[in-house]
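The sequence lines fix the lettering, A, B, ..., with proteins before strands; numbering per chain opens at 1. Quick caveat: nothing in here was measured; it's all calculated off a predicted structure.
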Amino acid sequence: MTTQERLTISRESQLEDSGYKWGFTTDIEMEMAPKGVNADIVRLISGKKDEPEWMLEWRLKAFEYWNGLQLQDAEPRWAKLRYPEIDYQDIYYYAAPKSQDDAPKSLDEVDPEMLETFDKLGIPLHERERLAGVAVDAVFDSVSVATTYADQLEERGIIFCSFTEAVQKHPELVQKYLGSVVPYTDNFFAALNSAVFSDGSFVYIPPGVRCPIELMTYFRINTEGTGQFERTLIVADEGAYVSYLEGCTAPIRRTSQLHAAVVELVSLDRGEIKYSTIQNWYPGTKDGQGGVYNFVTKRGITGNDAKISWTQVETGSAITWKYPSVILRGDNSVGEFYSVALANNYQQADTGTKMIHIGKNTKSTIVSKGISAGHGENTYRGGVKILPGAENATNHTQCDSLLVGDQCGAHTVPYIEVRNPTARLEHEASTSKVSDEQLFYLMARGISEEDAHHMIITGWSRDVINELPFEFALEAGQLLKVSLEGAVG
Amino acid sequence: MLKIENLHAVVTDSEEEILKGIDLEVNPGEVHAIMGPNGSGKSTLANVLMGKPSYSVTDGDITVDGDSIVELMPDARAHLGMFLAMQYPSEVPGVRPWQFLKAAKDAIDVANGQSKMSVRAFSRLFDEKVTESGINPDLIKRSLNEGFSGGEKKRNEMLQMQVLAPRIAIMDETDSGLDIDALQAVADGVNKMRSPDRSFVIVTHYQRLLHYVKPDVVHILVNGKIVETGGAMLAEKIEATGYRDYLAVR
Ligand SMILES: Nc1ncnc2c1ncn2[C@@H]1O[C@H](COP(=O)(O)OP(=O)(O)O)[C@@H](O)[C@H]1O
Ligand SMILES: [Mg+2]
């Protein structure tokens, strides 16, 4: 069982079907293991999931590795992030939802602040109950939406299920690819995730198949002090295509929450994976209390003529440590990274990408937009590595920072390593402010100061937002607006 | 309709006085031209009327229908039906002209207790005005003013004026930098919009535009003050002699 409620649905990319995803609190009684992590907790998690021996072995090896790092105090500290020491023994690693009897019976029982947020985001009334975790039936409703699509997927041999289910039903695929892009030895947080991951998604698209719908998962962090460790693995077999959407939210909680996910993408020859994220987890209070600590390892690897594209809109979390990367192993393969990261109030974001060119004629594009407001600190950290065999590799990097107010910070840390003389790299960077002239121009047309700011900022982020599937793009615009509230005007 | 009394304004940052006591009354249906040499304060006047925060009014008053607007933010002035076609319109990356104008129209309509126009109705209006203003339809698919030539920016200002249909239209050198066709288009736009309940304040350095748009009143602004007011003939005098006489007096 899992530490979070998990809901996996898939849906067509249509405006009418804009199922919004946002924070909610459900007071579900939890069955919890004691705080802290050790080999027994790892065994307990694995046992509750009824996992096969190989899975448990892998977890235990990961735990051993992580524990070694932890004893040497090897938690990474190179990012431009400041946060209190995390006590890994003060976190719950296992909690199973036990009963939903205590869930709110109607919207009247839901936190008014949350209802206000729904209002601001323009979430349709009928969606609110489901998002607020009110009607259990409604939750089942969305599961049944998923099953209608499930038939369509099954017809084509597409596998889209929870990670836990995949371990049971498709062990050969999981065993083949798990850890193949992000081994448990990759880094401190990836090692911890590998030991204690709760659940996540698994996607497999068979050769030559184009997934007919956008696949999406939606996670919630739900119990105070519960770390969340998702594990996602997506495989596009030869000539396959899939677009995957990840939207994340967390309800308002006072203590900081650790979140360490791992996402692995495998795009085999001529395969294409488009992975889009909207991350709007609880950022903490306006004066910097609480909020999610988000330490994520996301990486993909390409075959020949394959493509991997990451798009992310990061508006949430108190701390973001995240570098979705592509190992361009195959010849003629393409890697893309489009990012808008917003740091308002006391949020800190250290995010970027790594493009590692191994194959010939590999091509990567990086477009990073960092918005800093309030006391927010935004760092772009990007690496481009051209290995000796990567003849004719090209990279284009565009890295823009926007400052709202004068208490915030924007930092750019590019690492470039070129070991093949045929490589062509371009790097553009800019830092700007919302200009008084622009604001006056919009306001002179009748647009309020706040809306004017919002319009200028979303316009500035347009190159990235346009990369999102349409309905996500609308949501991203609203989200930027809500996230910037209080920073302008 | 619009009344300016003893208006003094400074640059907010430096407190340097630019407008040094301006009086002006614009009645419904009138077209006023403000002429003057470069640096005389024409743009400052236009911007102060629209409430640009980089200027501060230190004395005097501006009223619309008898109510002072000096304390109002620019958006509130737009809601009253004021409009400023800017001399140097800003570029706003990633914002489409359609989206921008729809937001502006909605804001004005809502502030006036009207409902927002439907997307379809607004699109119809927008397309109609695009044709009328003669703006290159490819441009309006781009970001607002981004990569527009000087003339294209001015046409875009006209487009906005035509869509928003203000009661008090202030135009700051909308004619400068235009070729003859574009100038004609701007003049046609203004003449078409002229009506008994709409007023224009047209700021211009040259009298060129005034060949096509006949002003009711012409003011000469020099060094932050109106030094002469007259009829359309005054513009012609300027055409012949320039601003020499006024500058000499100073
Ligand atoms: N924001 C400002 N800061 C400093 N000086 C200004 C500012 N705006 C206008 N001025 C000065 O005020 C005078 C009038 O400028 P302006 O109104 O632009 O003149 P015009 O439009 O008649 O050419 C000029 O000397 C100009 O340098
Ligand atoms: Mg001027």
Region of [X] that comes under 4.5 Å of a non-hydrogen atom in chain B:
X	value
A:R445	both
A:D451	neither
A:L439	neither

Taking side chain as everything from C-beta outward and backbone as N, CA, C, O, which of these in [X] sits under 4.5 Å from a heavy atom of chain A? Side chain, backbone, both or neither.
X	result
B:L101	neither
B:N47	both
B:E146	neither
B:L84	both

Discussion item. Between B:R77 and A:M443, is the side-chain contact (heavy atoms from CB on, under 4.5 Å) condition met? List the steps.
Written reply: CA-CA 9 Å; B:R77 300 187 195 206; A:M443 289 179 73; over 6 Å; no
Worksheet item: Does atom NZ of A:K363 have more than 12 heavy-atom neighbours from other groups under 6.0 Å away?
Response: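 No.
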Discussion item. Can you tell me if B:K3 has over 12 outside heavy atoms packed within less than 6.0 Å of its NZ?
Written reply: no
So do [Y] and [X] actually touch side chain to side chain, heavy atoms under 4.5 Å?
X	Y	result
B:V92	A:I456	yes
B:M50	A:F440	yes
A:W460	B:V95	no

Fill in: Spacing of OG belonging to B:S143 relative to CZ belonging to A:R462, to within rounding of 0.5 Å
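Answer for the OG-CZ pair, B:S143 versus A:R462, is 8.0 Å.
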Worksheet, complete the sentence: Separation between OG1 (A:T458) and CD (B:Q99), nearest 0.5 Å, reads 6.5 Å
Closest non-hydrogen atom pair, [X] against [Y]:
X	Y	result
A:A444	B:A78	O-CB, 3.4 Å
A:G446	B:A107	O-CB, 3.1 Å
B:D75	A:S448	OD2-CA, 3.4 Å

Discussion item. Tell me if the aromatic rings of A:Y441 and B:F100 count as close, with their centers under 6.0 Å from one another.
Written reply: yes
Worksheet entry | For chain B, the option from A:D436, A:L442, A:I465, A:N466 that forms the most heavy-atom pairs under 4.5 Å |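 When all of A:D436, A:L442, A:I465, A:N466 are compared, A:L442 has the most.
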Fill in: Leading residue by heavy atom contact count with chain A [cutoff under 4.5 Å; candidates B:A76, B:P166, B:A104]
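Ranked by contacts with chain A, first place is B:A104.
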Worksheet item: Taking the side chain from A:Q438 and the backbone from B:E91, do they hold a donor-acceptor pair closer than 3.5 Å?
Response: yes
